[in-house]
Amino acid sequence: MPPVHAPSALDDPLRLAAVAAAGLLDSDREDAFDDLTRLAATLMGAPFALATVVDSSRAFWKSCFGVPLDGPRESTADDSFCQHVVASGQPMVIGDVREDSRTHDITAIDTLGVRAWAGVPLLAPGGEVLGTFCVVDVVTRDWTVEDLEPLRVLGAAAGREIALRAAVRSEHDARTRAEALADTLQEALLPPTLPAVPGLDVAARFHAVGGGGQLVGDFFDVFPVGGGRWGTVIGDVCGKGVEAAKVALLARYAVGVAAMHSPDCAEVVRWLNDTLRARGPEPDLFVTAIYGTFTVEPDGCRVRLAGAGHVPPVLRRRDGAVELLEVGGTLAGVFPDVEPGEFEVRLGPGDALVLYTDGVVEAREDGEAFGEERLLELVARCDGDAGTLAGAVVAAALEHCGGEASDDTAAVVLRMPVA
Amino acid sequence: MSADPGTEIALDHTGDTVTVRVVGELDLSCAARFDLAMSGAFELGDRWVVDLSGVVFVDSTGVRCLVRAWRESLRRGTRVEIVGVTPAVRRVLDLTGLTGYLLERSDSDVA
C-alpha cells in the first residue's frame, strides 16, 4: 500500500521534536485525556473517541474511549486516518470512510467496523500538529457543523492539557536550575573550612535558617593579607533571600579586595561602606560587619578591629573573665562618610575572641531574646578550644529559640592556645 | 516561626501630625504592618512621629523598618521624629550606629 501522505508533513523535524517533547508516546491511559474522549463520544453520540499522537511511523492512541482495554492502542501512520489531519493541519470530516479516496483502504474499516470519522488537529504548545482528537462511528454519519463544535472545543482542551504539562515541566526545570545556582552561591558565600592559621586556634560554626539549600545573608572569612598578617571578617546583611545573598557576596569580596590594598582596618570598612553605597539607592538592605587584622606571635596575638555597627564581640580571658568589645561604627551601605569604630586587643595564651552575628543575641521563641547577658555567661563557662566555643554559642542560641531560628546564626572564634 | 506575639501598631492623626505608636516587639512578625502604617502616615500628614515607648524588643528587621521610615521622611522633606526610645531600643540603635542619625533632635528618650 503506497503512502498517501506528503512525507514532509509527518517527518517534519520540528513536528517530531514537539511529539517527543510532549512525552505522550507509549504513555499510560490518563483520566485527563480519557475524560475528554468520553465526553466527546457522549456529546457526539459515537461509540469511539480518540486522542492520538503521530510520529513518523505510527499513530499512538493516548486515549481511546470505546476501544477494548486489552485491544490495540496504535496503528501504523500510513494505515491511519490521523495522517491526513497531520499532513494538512486541518480538521477532517468523512461521512463514509469507504467512499473517500483518502481512507477507503484503511484496515480499521474491517477490524473495528469504522464507517464515519471526524477529527481536529491536536496541537502542541508551539502550534505543531501532534496528532488528532477524533470521534469514530460504526455507521455512516451526516456530520453537521454543530457536530464539530464540541470536537473543536474538547480537542483544544486536550491541547491545553499538553501545554500545561509542558509549562509545569519547564517550571520544574527552572526551579532545579535555580536551586543548583543557590547551592553554588552559598558555597561561594561560606567557606566550608577556615584555613589553618599557624600558632592560632581558629574555628567557625554556622546555622542557616531552614537548613541547606537556603541563601544566607551572614558571611565570615579568615584569610592571609600578606606580611604574616591575617584578616578576618564577619558580617550580616539585614534581609533575606537572593538579594541579601548577593549583598553578602559583594560585601565579603569588597572586604577581601580592600584588605589586600590597605593595612588599615578602618579604611577597609570605609571601602565596604562605599562599595555597598555604589550599588545605588537600596534603602532596604544594609550590612553590619566587623573587619579585623591580626598577627600571631609566640606569646600572643594582637588583634585590631574596625566595626560597622555590628554586634560587639566577646573577649574571654583565660581565667573566664568576659567583656563585650564595643567596637562601634555605623552600619554600612546607608550613610555617606561614616566613621568606623575601632578597637584593639591583645590575646594572651588561653584568651579567646568570639565574633558572631545578631542571630545569636536575637534568638528567641516567644519570650525573651537570648541577649548579651546570656551570651556572656555562656562564654565565661565555656573553657574549650575555638571549635568548642563557636559550637557552644551557635547551639545555645538555637536551643534558646526552640531549635527553629528565624535568622542565620554564625560564630567565629580566635583563640590563642596555651603554650 | 513563632506566632505573632501580638504587637499593636496604632495610627493617631492630630492636625497635620501623624503618630505611629508601636506596643510590643518591633521585629519580623510585624515589619510589614509597620511599613503599611508608615505609608499611611506619609499620606495622611506632613509631620510624622514614631512612638516606641511601648517597644520591648527590636531586631535587625525592626531597625530596617526605622531606617526605611527615616529615609522616606527625608525624601519628603521632614525628618520623622522617633520618640519614646526605651533602653532595649536604644541599645540596638547604639550598636548599629544609628542613634546620631535617627534620634537627632529627638528629646523624648525614656532611657
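Naming: A, B, ... by sequence-line order, numbering from 1 per chain.
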Full working for salt bridge (charged side-chain N to carboxylate O under 4.0 Å, His left out) between A:E362 and B:R91: CA-CA 13 Å; A:E362 289 179 359; B:R91 174 65 179 157; over 6 Å; no

Apply side chain to side chain contact (heavy atoms under 4.5 Å, CB included) to A:V338 and B:Y101, showing your working. CA-CA 11 Å; A:V338 294; B:Y101 294 94; 3.7 Å; yes

Would you say CD of B:E8 has more than 12 non-hydrogen atoms from neighbouring residues, nucleotides or ligands within 6.0 angstrom? no

More than 12 non-hydrogen atoms from neighbouring residues, nucleotides or ligands closer than 6.0 Å to CG on B:D16, yes or no? yes

Is any side-chain heavy atom of A:L331 closer than 4.5 Å to one of B:L98? yes

Above 12 or not: heavy atoms from other molecules or residues under 6.0 Å from CD of A:E399? no

Calculate, to the nearest 0.5 Å, the distance between atoms CG and OG1 belonging to A:D236 and B:T96 respectively. 12.0 Å

Region of A:E372 in contact with chain B, defined by heavy-atom distances below 4.5 Å: side chain

Heavy-atom pair count under 4.5 Å with chain A, highest-scoring of B:D94, B:T61, B:T99, B:V63: B:V63

Closest heavy-atom pair, B:S60 versus A:C238, reported as atoms and distance to 0.1 Å, is O-SG, 3.1 Å

Taking the side chain as every heavy atom from C-beta outward, state whether A:V334 and B:V67 have any atom pair closer than 4.5 Å. yes

Kindly confirm or rule out a cation-pi arrangement of B:R64 over A:F286, judged by NZ or CZ under 6.0 Å from the six-membered ring centre and within 45° of its axis? no

Need one label for A:E368: side chain, backbone, both or neither, based on atoms under 4.5 Å from any heavy atom in chain B. neither

Out of curiosity, A:L324 CG to B:L95 CG, how far, rounded to the nearest 0.5 Å? 8.5 Å

Could you tell me whether B:H13 atom NE2 has more than 12 heavy atoms of other residues or ligands within 6.0 Å of it? yes

